[in-house]
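This report concerns only the one structure given below.
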Amino acid sequence: MPGPSPRPYECVRKAWHSDRHQPIRGSLIQEIFRVVNEVHSSTTKKNKEWQEKLPVAVLAVLKAEEIIYSKANSEVEFWRWVSQQWNSGEESGGGILEIG
């Protein structure tokens, strides 16, 4: 019998969180999708399997960003993590951003 499924992560608003971060967080998410769009060829984008996976990938990116923001203990920590992930994605040729 399988064990219990993991509980969904509950995002908690911390004292350092601010509505002024929303535009920057939105820009970060837009940049991720811009790179994904750039990396994948038009042939890949027409692939039915890729199109079916795209909505799940979009939700995963949004939820991951929300969790990272929620877990960070400061604005500096959040941006440090974003920067590290972005740099590792560039070093791996965009592999961190691949869908499918």
Side-chain angles (χ1 to χ4, degrees):
M1 182 167 157
S5 62
R7 291 184 340 186
Y9 181 78
E10 185 177 323
C11 295
V12 179
R13 187 172 175 97
K14 295 188 177 182
W16 69 271
H17 289 173
S18 169
D19 290 339
R20 71 180 173 83
H21 296 145
Q22 287 304 106
I24 297 168
R25 292 173 65 198
S27 296
L28 170 67
I29 292 167
Q30 284 179 336
E31 183 65 10
I32 291 169
F33 291 125
R34 183 193 63 76
V35 171
V36 168
N37 192 43
E38 227 174 66
V39 168
H40 292 286
S41 70
S42 60
T43 304
T44 300
K45 292 175 199 170
K46 292 175 186 173
N47 179 300
K48 184 178 177 172
E49 183 180 2
W50 191 85
Q51 291 175 354
E52 289 171 353
K53 289 181 179 180
L54 190 57
V56 174
V58 168
L59 291 176
V61 167
L62 295 174
K63 190 63 178 177
E65 189 279 337
E66 181 182 17
I67 289 170
I68 294 159
Y69 185 72
S70 178
K71 282 188 154 194
N73 292 313
S74 69
E75 189 172 357
V76 170
E77 185 178 300
F78 173 71
W79 290 113
R80 184 179 304 130
W81 188 92
V82 168
S83 177
Q84 288 170 345
Q85 296 309 305
W86 194 260
N87 291 336
S88 71
E90 287 177 346
E91 290 168 9
S92 69
I96 197 169
L97 301 172
E98 288 183 14
I99 300 172

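Numbers here simply count residues along the sequence, with the first being 1.
- Under the ring-ring contact (aromatic ring centres under 6.0 Å, His included) criterion, H17 pairs with Y69, not counting sequence neighbours.
- In the displayed structure, Q22 atom CD is contacted under 6.0 Å by more than 12 heavy atoms of other residues, nucleotides or ligands.
- Residues passing the side-chain contact (heavy atoms from CB on, under 4.5 Å) test with S41 are T43, T44, sequence neighbours excluded.
- Considering CG of L28 and CD1 of I24, their distance stands at 10.0 Å, rounded to 0.5 Å.
- For V12, the side-chain contact (heavy atoms from CB on, under 4.5 Å) partners two or more places apart in sequence, or in a different chain, are S70.
- A distance-only check finds no donor-acceptor pair linking the side chain of S83 to the backbone of W79 [under 3.5 Å].
- With sequence neighbours excluded, the residues forming a side-chain contact (heavy atoms from CB on, under 4.5 Å) with N37 are K45, listed by chain and number.
- Under the 3.5 Å distance criterion, the side-chain polar atoms of K14 are matched with a main-chain donor or acceptor of K71.
- No donor-acceptor distance shorter than 3.5 angstrom exists from the side chain of W16 to the backbone of V76, with no hydrogens or angles considered.
- Under the rule for a side chain to side chain donor-acceptor pair (under 3.5 Å), E77 has no partner lying at least two apart in sequence or in another chain.
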Please list, one pair per line, the donor and acceptor atoms closer than 3.5 Å that link side chains of residues 61-68 to other protein atoms, with sequence neighbours excluded.
unit_1, atom_1, unit_2, atom_2, d
E65, OE1, R25, NE, 3.3
E65, OE1, R25, NH2, 2.8
E65, OE2, R25, NE, 2.6

